[in-house]
Structures are given as C-alpha cells and as structure tokens.
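Computed from a predicted model, the values in this text were never measured in an experiment. In what follows, chains are A, B, ... by sequence order, proteins preceding strands, each numbered from 1.
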2 protein chains.
Amino acid sequence: MEDIHLIVAKNLKVIREQEKLSLEKVAQLSGVSKTMIGQIERGESSPTLTTIWKIANGLKISFTALINNPQPDTTVVLRNEIQVLCEDSGKYRVYPAFPFQDDRRFEVYTVEIDKDGHLQAEGHREGTEEFITVFDGALTIHVDDGHYTIKSGDSIRFKADKPHSYTNTSNTLTRLSMTIYYPPFQ
Amino acid sequence: MEDIHLIVAKNLKVIREQEKLSLEKVAQLSGVSKTMIGQIERGESSPTLTTIWKIANGLKISFTALINNPQPDTTVVLRNEIQVLCEDSGKYRVYPAFPFQDDRRFEVYTVEIDKDGHLQAEGHREGTEEFITVFDGALTIHVDDGHYTIKSGDSIRFKADKPHSYTNTSNTLTRLSMTIYYPPFQ
DNA sequence: TTATTTTGTACATTATAACATACGCCATTT
DNA sequence: AAATGGCGTATGTTATAATGTACAAAATAA
C-alpha cells in the first residue's frame with residue numbers, strides 16, 4: 001500500500017462503504033462514470049486531478065480525505081522489498097529505505113559501493129545537505145575541490161548543493177547510510 | 001483561477017521559476033516528460049495522480065504544495081459569472097455562489113423558482129441540513145409528510161436527509177438563499 | 001556579426017483515463 | 001422455482017494524458 005492511486009483506492013472504497021453508497025450513486029453524485037469509480041477503487045486507474053476533484057465534491061469531502069495516507073505508528077522496511085537503483089554498471093547501488101514524503105524534509109538511503117565503484121552527482125537544490133555514516137569499507141567524497149575519506153564507523157555531513165562524487169577507496173565492499181535533507185522553500 | 005488543474009498550473013510555474021529550474025530540469029528530476037510539464041504549467045492538461053506524485057517527489061515538495069489554493073481574504077462572486085443550473089424546464093434555477101470546498105462544511109446557493117415551478121429532491125447524506133431564507137415570493141416545502149410555506153422575509157431550517165420538494169406557491173418569481181450543511185464523516 | 005547553447009512550444013504517436021453499453025451475480029420477492 | 005431489481009464487473013469505443021522528436025525564439029559565447 002504505497003502508490004498514490006492505491007491510497008486513493010482504499011480511501012474511496014472505505015468512505016463509500018461507510019456511507020453505504022453504491023457505485024451508481026457515487027457516479028451520479030460526482031458526475032464520474034460508474035465504471036471509472038469502480039476502476040479507481042480497484043486501483044486499476046490513476047485518475048486525473050479533475051476526476052478526483054469531481055468525486056471529492058460529489059461526496060462533499062475534502063480533496064485530502066482521498067489522498068491522505070494514515071501512517072501507522074510503525075513501519076518495517078525489508079531490504080528485499082526495496083526497489084534498488086543501480087549506477088556505474090551496478091557497482092553503485094542505492095536502496096531507498098525512507099523516500100521523501102509530504103512535509104518530511106529528508107529521505108534515508110542505504111548505499112553499497114563495490115571495489116572501485118564511483119558516482120559523480122550533480123548538485124541538489126540550494127541548501128541541501130547530506131549526512132553519511134560508513135559501516136563497512138571506506139568512502140572518499142570530493143566536493144568543492146576538497147576531498148574527505150570516511151572509514152567504517154565514521155560520519156560526514158556536507159552541503160550537497162554543488163557537484164560532488166562518491167568513491168569506494170577501500171579494497172572491499174563499502175556500505176553506508178545516507179540521509180539527505182532538503183530545506184523548505186521560501 | 002478556479003479549476004483544480006489551473007491551480008496546479010500556477011503553483012508549479014511559481015515553484016519552478018522560484019527555483020530557477022528549466023522544464024528540462026524538472027523533467028529529469030521527476031521522470032515526467034518536458035512536454036507534459038509544460039502542458040501542465042499552461043493548464044492544457046489535467047494530470048493524473050501518479051504524474052503529480054512524480055513531480056512532487058522530484059522537486060521534493062509536498063503533494064499539497066501543488067494543489068493548495070491560497071485563498072484571498074476576500075472573494076467577490078458576480079451573479080453573471082456563476083454557471084447556472086436549471087431544472088423543471090428552466091423554471092427552477094440554481095446559482096452556486098459558494099460551492100463546497102475542502103473542509104468548509106457547507107455551500108451557499110441562490111435559487112430562483114418561476115411561478116408554478118417545482119423540484120423534487122432526493123435525500124442528501126445522513127445528517128445534512130438546509131437553511132433557507134425567502135427574499136421574494138413564497139416557497140412551500142414538503143418533507144416527511146409535513147409541508148411548510150415560507151413567505152418573503154421568513155426562513156426555514158430542516159433535515160434534508162430525506163426526500164423533499166420545493167414549490168413556488170406564489171404568483172410571482174420566488175427568490176431564496178439556501179445554505180446546505182454536510183456533517184463531517186465518522 | 002555569426003555560431004552555439006539553452007529554453008519553451010508545436011507536432012505526431014502511443015498509452016491510458018473515461019465513458020456507454022451490456023452482462024453476470026446475488027439478493028429479495030412472489 | 002421463477003422473476004425482479006440492484007450492484008459490481010467485463011468489453012469495446014472515444015477522449016485525452018503522456019511521450020519523443022523536431023522546431024523556433026531567446027540567450028550566451030566567440
């Protein structure tokens with residue numbers, strides 16, 4: 001239960017059944033076809049904004065009542081279930097453990113870099129910072145003409161709004177945890 | 001500036017320019033094509049939920065930052081600019097002055113009923129109430145076997161979660177203001 | 001100036017959201 | 001049991017969201 005249209009699916013179905021409304025009834029209240037209402041509820045369709053708007057208005061509920069995902073108090077993320085992202089021919093692997101969400105201003109990744117693995121990254125948004133702790137191997141970070149080598153157990157924090165690079169400068173697999181902070185707008 | 005996709009259009013353009021990002025850049029950050037970003041900004045497209053989600057994540061902003069419509073302190077609604085809804089062959093005309101919105105729990109209509117005009121309405125959601133003040137003519141409301149005649153200057157409040165009807169029982173045009181209250185869920 | 005890059009839009013195509021219709025299922029009811 | 005009505009799903013079609021390519025204007029560099 002992660003993808004946005006699945007959240008809407010769940011919310012809509014709950015609200016509709018709570019109100020004891022048929023698909024037909026929701027259709028005529030909202031002006032959206034019965035078929036589409038059904039597909040949205042089953043998660044078979046990613047509705048457009050105007051469709052969501054029509055439904056919210058028809059049911060006299062707020063837009064966010066449909067897109068809100070009531071977060072549980074606890075979330076367990078299994079490594080095997082994370083969609084891994086690869087760079088440098090698979091030598092640099094990113095596991096997004098806690099992706100960016102709503103007003104949370106950070107995201108947490110686990111990164112694995114094979115021996116000789118390397119990644120050159122562009123600068124992120126103005127004010128963005130990275131917080132890295134190395135658990136195995138050693139990492140060398142180049143940023144702003146300087147370079148820093150972080151060994152297992154050590155950590156680094158740096159402003160990531162300029163181009164920077166990560167290199168495994170050990171002879172083994174390097175594993176690290178990376179938290180990226182994005183400052184709010186304005 | 002009313003329709004939901006126009007709100008997103010405005011918000012996206014403001015944020016993008018604020019961050020000095022090109023369409024191209026937003027495209028690669030979000031994984032949504034440059035063309036689509038442009039169309040959304042120009043209000044030429046009503047994006048799907050997944051597209052909005054991709055953009056929000058790419059820019060590291062909340063979903064609501066895109067769909068939020070910063071309401072002005074004052075809103076003037078001209079009668080001529082309201083989309084009028086007609087029933088009973090045009091004898092019953094509804095002007096939605098303040099439609100339902102977000103967590104506001106009511107909406108305000110102006111209604112005009114010609115001589116002999118009539119409307120049979122189904123019951124609204126459980127707990128829904130209507131508040132009517134008649135300004136011209138006279139209105140007879142049937143609900144739950146009872147009927148009430150409201151003359152110019154008078155008002156009525158009734159639970160509208162059962163079938164009810166409105167009839168102009170005067171010899172002239174009847175005009176009234178109707179506020180409908182929808183109770184929150186749960 | 002001319003050349004070059006960058007940026008936003010126009011166009012043609014593909015993918016899919018949205019709709020109208022029809023069908024099958026599970027209730028009641030008779 | 002048969003018939004009826006309400007409800008959700010499957011199907012085929014249309015509208016439009018989404019993409020890729022190409023183009024034109026503006027900005028930058030030479």
Undergrad: Under 3.5 Å, is there any donor-acceptor pair linking the side chain of S46(A) to the base of dA17(C)?
TA: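 Absent.
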
Undergrad: Is the NZ or CZ atom of R125(A) positioned over Y182(A)'s six-membered ring, under 6.0 angstrom from the centre and within 45° of the axis?
TA: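 Pair R125(A)/Y182(A) does not count as cation-pi.
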
Undergrad: Does the structure place the NZ or CZ of R105(B) under 6.0 Å from the centre of the six-membered ring of Y181(B), at an angle of no more than 45° from the ring's axis?
TA: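 No, R105(B) does not lie over the aromatic ring of Y181(B).
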
Undergrad: Under 4.0 Å between a side-chain N/O of S22(B) and OP1 or OP2 of dT6(C), yes or no?
TA: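 No, because none of the side-chain N or O atoms of S22(B) sits under 4.0 Å from OP1 or OP2 of dT6(C).
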
Undergrad: Please classify the nucleic acid contact of S33(A) as base, sugar-phosphate, or nothing, using heavy-atom distances under 4.0 Å.
TA: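 Touches a base.
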
Undergrad: Could you check T133(A), V108(A), I132(A) and say which one makes a side-chain contact (heavy atoms from CB on, under 4.5 Å) with T179(A)?
TA: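 Answer after filtering T133(A), V108(A), I132(A): V108(A).
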
Undergrad: Counting only side-chain N and O atoms of R16(B), is one of them less than 4.0 Å from OP1 or OP2 of dG8(C)?
TA: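 Answer is yes, contact under 4.0 Å.
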
Undergrad: Could you tell me how far apart L49(A) (CG) and dA18(D) (C1') are, to the nearest whole angstrom?
TA: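 Result: 14 Å.
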
Undergrad: If only side-chain N and O atoms of T48(A) are considered, is one of them under 4.0 Å from the OP1 or OP2 phosphate oxygen of dT16(D)?
TA: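 No, because none of the side-chain N or O atoms of T48(A) sits under 4.0 Å from OP1 or OP2 of dT16(D).
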
Undergrad: Within this structure, what is the CZ-to-C1' distance between R42(B) and dA17(D), rounded to whole angstrom?
TA: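 Result: 14 Å.
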
Undergrad: What is the distance, to the nearest angstrom, from the NZ atom on K20(B) to the P atom on dT6(C)?
TA: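 Value for this atom pair: 18 Å.
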
Undergrad: Take the protein atom CD of Q39(A) and the nucleotide atom P of dT9(D), then report the distance between them rounded to whole Å.
TA: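 Spelled out: CD on Q39(A) to P on dT9(D) is 10 Å.
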
Undergrad: Rounding to an integer number of Å, can you tell me how far W53(B) CH2 sits from dA18(D) P?
TA: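 It is 15 Å, rounded to the nearest whole Å.
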
Undergrad: Please work out if E44(A) contacts a base, only the sugar-phosphate, or nothing of the nucleic acid, heavy-atom cut-off 4.0 Å.
TA: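 Here E44(A) touches the backbone only, sparing every base.
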
Undergrad: In this structure, how many angstroms lie between the P atom of dA17(C) and the NE2 atom of H5(B), rounded?
TA: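 Taking atom P of dA17(C) as the reference, NE2 of H5(B) is at 18 Å.
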
Undergrad: Specify the separation, in whole Å, of atom CE of M36(A) and atom P of dT16(C).
TA: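 Those two atoms, CE and P, are 13 Å apart.
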
Undergrad: Tell me whether the side-chain N or O atoms of T35(B) pair up with the base of dG8(C) as donor and acceptor below 3.5 Å, since no angle test is needed here.
TA: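 No pair found.
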
Undergrad: By nearest heavy atom, map K34(A) and L23(B) onto DNA chain C; which one lands nearer the 5' end?
TA: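 Upstream on the strand: L23(B).
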
Undergrad: Without decimals, in angstroms, what is the distance between I40(A) CD1 and dA17(C) C1'?
TA: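 I40(A) atom CD1 is separated from dA17(C) atom C1' by 9 Å.
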
Undergrad: Look only at the side chain of R16(B) and the backbone of L21(B), and say whether a donor-acceptor pair between them is shorter than 3.5 Å.
TA: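 Yes, the answer is positive, given that a donor and an acceptor are paired below the 3.5 Å cut-off.
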
Undergrad: Taking the six-membered ring for Trp, is the centroid-to-centroid distance between H124(B) and H164(B) below 6.0 Å?
TA: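 Yes.
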
